[in-house]
A.B. asks: 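Below is a structure I'd like to ask you about.
Ligands are counted one by one from 1 in listed order, and the atoms in each one are counted from 1 as well. Just so it is clear, the model here is predicted, and its values are computed rather than measured.
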Amino acid sequence: MRILLVEDETDLAETLHTGLTAEGYAVDIAHDGRQGLWMARTGEYALIVLDLMLPGLNGYRVCAQLRREGITTPILVLTAKDGEWDQAEALDTGADDYLTKPFSYVVLVARLRALLRRSPASAPAVLAVGDLTLDVASHTCRRAGTRVELTPREFAVLAVLARRAGQAVSKTDLLHHAWPEEAWDPNLVEARVSALRRKIDTTFGRRSLQTVRGAGYRLVDDRERRP
Ligand code: CA
């Protein structure tokens with residue numbers, strides 16, 4: 001199960017990362033609001049732990065923006081404030097629960113478990129395009145049942161293409177959904193797509209990841225191609 005932790009205090013982020021990893025969660029960290037927002041947009045997290053006071057974009061805005069975009073991933077807000085007003089405001093913007101700093105680690109883990117238990121399967125757990133499947137919770141990819149090892153970035157790119165299977169997705173869209181803002185460079189997309197092709201197509205004698213001239217890339221079910 002994958003958790004996104006959006007926290008600018010490096011020590012706290014590090015401690016939580018260590019603790020939650022030991023609990024068996026896969027944890028990704030974002031150190032500011034903007035980075036948190038783009039990572040959360042992939043929709044591949046089972047849960048988001050979101051600090052409110054963040055550089056770049058504060059937690060209220062991250063939360064509100066995600067809900068506006070229809071992303072329903074459960075959000076647990078961490079706040080250094082303890083006024084009822086802040087807590088109410090956090091819940092109003094679409095957070096599911098909150099915890100006031102300093103908090104007990106044991107309580108945090110219990111709250112996470114409770115949220116995960118009651119959260120409906122909001123996003124499809126498995127994306128499938130033909131016999132290619134992507135399990136978004138465990139970040140595993142399979143072609144006709146055979147496990148394909150992907151890097152996190154390759155997985156993110158493939159997930160964007162799979163969600164829009166059959167449609168051309170531009171390099172710009174892929175960049176925006178799968179890379180942090182400071183790293184936007186179209187050459188990165190080409191390199192990742194080439195690597196993906198080797199892994200999900202060439203190895204299996206397939207041609208599912210297609211280049212659409214002038215428009216980008218398209219992922220299709222290529223099992224019943226006509227000559
Ligand atoms: Ca903070």
A.B. asks: Residues two or more places apart in sequence or in another chain: which of them pass side-chain hydrogen bond (donor to acceptor under 3.5 Å, both in side chains) with R68?
C.D. replies: Q65
A.B. asks: Using 3.0 Å as the cut-off, note every protein N, O or S atom close to the Ca ion (ligand 1).
C.D. replies: D8 OD1, D51 OD2, M53 O
A.B. asks: Tell me which donor-acceptor pairs under 3.5 Å the side chains of residues 49-59 have, and how far apart each pair is, sequence neighbours excluded?
C.D. replies:
residue	atom	partner	partner atom	Å
D51	OD1	K101	NZ	3.1
N58	OD1	Y60	N	3.0
N58	OD1	R61	N	2.9

A.B. asks: Can you tell if the side chain of T100 reaches within under 4.5 Å of the side chain of Y98, non-hydrogen atoms only?
C.D. replies: yes
A.B. asks: Using side-chain hydrogen bond (donor to acceptor under 3.5 Å, both in side chains) as the criterion, list what pairs up with E14, not counting sequence neighbours.
C.D. replies: none
A.B. asks: Could you check whether R207 pairs with D222 (Lys NZ or Arg NE/NH1/NH2 to Asp/Glu carboxylate O, under 4.0 Å)?
C.D. replies: no
A.B. asks: Do R143 and T133 have side-chain atoms, one donor and one acceptor, less than 3.5 Å apart?
C.D. replies: no
